[in-house]
Peer 1: 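Can you read through this structure? Questions will come right after.
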Amino acid sequence: MNIYISSLFEGFWLNIRLFILTLAMAIPLGLVITFGSMSRFKPLKWLVRTFVWIIRGTPLMLQLFVVLYSPGLLFGTPMKSRMTAAIVAFVVNYAAYFSEIYRGGIESIPKGQYEAGAVLGMTKPQVFFKVILLQVIKRIVPPMSNEIITLTKDTALARVIGIAEIIMCAERFTKQGLIWPLFSTGLFFLVFNGVLTIVLGRLERRLDYFKV
Amino acid sequence: MPILEVRNLSKRFDDTEVIKDISFSLEKGETLSVIGSSGSGKTTLLRCLNFLETPDTGTITVNGEVIFDAADPASRSEKGIREKRLHFGLVFQSFNLFPQYTALQNVTLAGLLLAKERPDYKTRKNEIREEIINNAKAILDSVGLSSKLDFYPHQLSGGQQQRVAIARALALNPDILCFDEPTSALDPELTGEVLRVIRELAERKTTMIIVTHEMSFARQVSDNVMFMDDGVIVEYGPPEQVIGNPREERTKRFLERYFENGNT
Ligand SMILES: Nc1ncnc2c1ncn2[C@@H]1O[C@H](COP(=O)(O)OP(=O)(O)O)[C@@H](O)[C@H]1O
Ligand SMILES: [Mg+2]
């Protein structure tokens with residue numbers, strides 16, 4: 001019994017690592033993509049929007065394969081580690097989704113907020129950081145929470161490129177005729193997402209003191 | 001010398017000329033009301049004065065200093081504009097308060113940021129901040145909101161929000177305070193409290209340009225009234241003339257329509 005459980009924990013640790021690394025990198029990268037997709041320089045804007053469209057319009061599972069194999073096929077330099085490939089695919093995929101959420105949030109702030117700041121002599125960075133940003137954060141916390149919960153479950157996809165995350169670990173036992181480890185992986189996700197839901201809900205409530 | 005002199009100002013959006021070669025001037029302490037039907041260019045005029053739109057032609061002179069000259073590309077630079085627009089304050093129709101700040105913070109925010117650029121800020125930081133906060137409290141008191149300092153905008157009525165917005169503009173001590181239909185977004189029972197504040201400002205000789213549809217109010221508080229139609233100034237003069245006894249056919253028609261619609 002113990003070897004099963006410790007194997008599941010080991011697998012889930014990979015899911016968590018993938019989750020944390022993806023968030024840590026996709027959250028800032030998403031902002032960079034947002035600035036690109038909102039650029040006044042048209043070619044950049046359309047290039048970035050096309051890229052986002054492709055990433056959002058194709059399966060993450062396929063993107064995992066593409067990231068794993070294409071460096072070797074195109075440049076003769078195969079991916080050194082499968083984990084690196086998974087992180088790259090996840091970060092790019094989630095950054096694309098986040099960037100659209102950020103863009104929606106920024107575009108939803110009324111023009112009057114920028115203008116009110118401007119006529120009070122505030123610089124553009126002051127207007128963005130002192131007036132706009134917190135309103136954007138308040139608006140994007142709920143959709144970001146949804147994406148973040150989805151990410152925890154998506155980490156299980158990494159097994160298609162041979163990463164021994166929790167479901168892959170559990171499947172090994174299924175092949176030996178033991179089904180309960182596979183079913184119990186659901187508990188890991190449930191508990192993790194439960195904690196996450198509480199944390200994100202707190203963040204949302206901390207911004208309840210004002211209305212946008 | 002007039003405090004504000006506008007010469008040959010025009011502004012077009014794509015193919016439509018919205019402001020057509022407008023010239024007028026304003027004396028210190030004067031209250032000017034701007035009336036006219038919707039679409040006549042009143043908002044655009046105020047936005048040009050506040051550098052929210054860049055005029056295509058013309059000059060804007062404040063206290064003898066040319067702060068905008070359409071012929072001079074330098075007067076469009078971002079840095080220059082920031083200082084120059086502080087000659088003007090603008091109160092929006094829709095208040096545009098910052099929702100995440102309290103009434104007091106809305107009034108102090110810009111002042112505290114500007115103070116950081118003062119050479120003596122480092123040495124006198126606390127003193128300067130206290131000055132700004134006390135000044136903001138006094139202004140909020142003067143618009144009747146001393147009991148609402150720590151309220152967030154969504155906790156205030158429309159009339160109270162607009163009074164905070166007026167206080168916010170006053171806090172930077174502009175030479176000319178502009179209002180764009182300050183009561184149009186308010187329920188009728190809330191317009192009185194805002195008009196009272198503006199009336200007090202007029203009595204204290206604050207230089208103001210007020211775009212408004214409140215004719216009787218304009219008549220009472222203004223030193224001069226400007227009637228705009230289709231981007232030009234049709235009639236300009238004291239309220240007894242422009243509202244009481246207009247000379248121009250277009251002004252007469254506008255006022256007739258206005259009073260026919262049951263307004264007073
Ligand atoms: N940003 C803009 N782009 C294009 N047209 C505009 C813009 N702003 C105003 N206009 C047009 O300019 C005219 C004058 O508008 P405005 O100054 O708002 O008039 P008023 O405040 O007197 O109602 C209107 O016909 C309006 O549609
Ligand atoms: Mg208007």
Side-chain angles (χ1 to χ4, degrees), chain A residues 27 31 34-35 38-42 44-45 101-145 199-212, chain B residues 43 46-47 49-53 78-103 105-117 150-156 161 164-165 167-174 176-178 180 185:
Chain A
I27 285 176
L31 195 59
T34 304
F35 290 143
M38 292 180 74
S39 168
R40 265 187 254 168
F41 182 57
K42 289 267 165 66
L44 176 64
K45 176 170 126 177
I101 293 175
Y102 297 160
R103 183 159 71 91
I106 291 173
E107 286 175 348
S108 73
I109 305 301
K111 202 174 68 168
Q113 291 289 307
Y114 294 89
E115 294 185 346
V119 298
L120 291 166
M122 292 165 70
T123 62
K124 281 184 178 158
Q126 284 173 344
V127 172
F128 185 78
F129 287 107
K130 299 286 180 181
V131 175
I132 305 298
L133 186 60
L134 194 62
Q135 297 183 49
V136 172
I137 290 174
K138 182 177 168 82
R139 288 193 187 207
I140 66 175
V141 166
M144 286 293 282
S145 301
V199 171
L200 292 167
R202 283 221 178 122
L203 180 61
E204 206 170 317
R205 273 198 303 283
R206 282 206 42 189
L207 294 170
D208 263 353
Y209 68 93
F210 70 97
K211 291 207 160 45
V212 287
Chain B
T43 295
L46 291 191
R47 291 173 61 84
L49 295 178
N50 283 277
F51 294 85
L52 291 176
E53 305 287 355
E78 177 71 22
K79 170 96 175 72
I81 284 176
R82 205 161 64 84
E83 283 162 25
K84 285 162 180 174
R85 76 189 335 159
L86 289 172
H87 288 292
F88 294 90
L90 179 59
V91 174
F92 299 86
Q93 188 173 337
S94 49
F95 330 136
N96 293 340
L97 291 181
F98 306 132
Q100 73 268 46
Y101 294 117
T102 63
Q105 288 168 332
N106 262 277
V107 178
T108 55
L109 178 67
L112 291 173
L113 290 171
L114 280 168
K116 289 186 181 164
E117 293 167 32
D150 297 327
F151 283 55
Y152 289 92
H154 76 272
Q155 300 169 316
L156 299 171
Q161 288 186 53
V164 174
R168 180 174 71 173
L170 283 171
L172 295 181
N173 212 4
I176 301 142
L177 185 52
C178 304
D180 190 6

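Throughout, a chain's letter reflects where its sequence line sits, starting with A, and its residues are numbered from 1.
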Peer 1: Go through chain A and chain B and list any donor-acceptor pairs closer than 3.5 Å, backbone and side chains both.
Peer 2:
| residue | atom | partner | partner atom | Å |
| --- | --- | --- | --- | --- |
| A:G112 | O | B:N96 | ND2 | 3.4 |
| A:Q113 | NE2 | B:L97 | O | 2.8 |
| A:E115 | OE1 | B:R47 | NH1 | 2.9 |
| A:E115 | OE2 | B:R47 | NH1 | 3.2 |
| A:E115 | OE2 | B:R47 | NH2 | 2.8 |
| A:A118 | O | B:R85 | NE | 3.3 |
| A:G121 | O | B:R82 | NH1 | 2.8 |
| A:K130 | O | B:Q100 | NE2 | 3.4 |
| A:K130 | O | B:Y101 | OH | 2.6 |
| A:V131 | O | B:Q100 | NE2 | 2.7 |
| A:Q135 | NE2 | B:Q100 | OE1 | 3.4 |

Peer 1: Only pairs of heavy atoms separated by less than 4.5 Å count here; which of B:P174, B:P99, B:P153, B:A110 has the most with chain A?
Peer 2: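 Highest number of pairs under 4.5 Å: B:P99.
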
Peer 1: Just give me the residue among B:L114, B:L172, B:L113, B:V91 that pairs up with chain A most often, heavy atom to heavy atom, under 4.5 Å.
Peer 2: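 Answer, by heavy-atom pair count under 4.5 Å with chain A: B:L113.
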
Peer 1: Name all residues meeting the side chain to side chain contact (heavy atoms under 4.5 Å, CB included) criterion together with A:L44; count only those two or more places apart in sequence or in a different chain, and write none if there are none.
Peer 2: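 Partners of A:L44 under the side chain to side chain contact (heavy atoms under 4.5 Å, CB included) test: A:S39, A:F41, A:V48.
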
Peer 1: By a 4.5 Å heavy-atom criterion (distance strictly below it), what part of B:L97 contacts chain A: side chain, backbone, both, or neither?
Peer 2: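 Interface part for B:L97: backbone (N, CA, C, O).
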
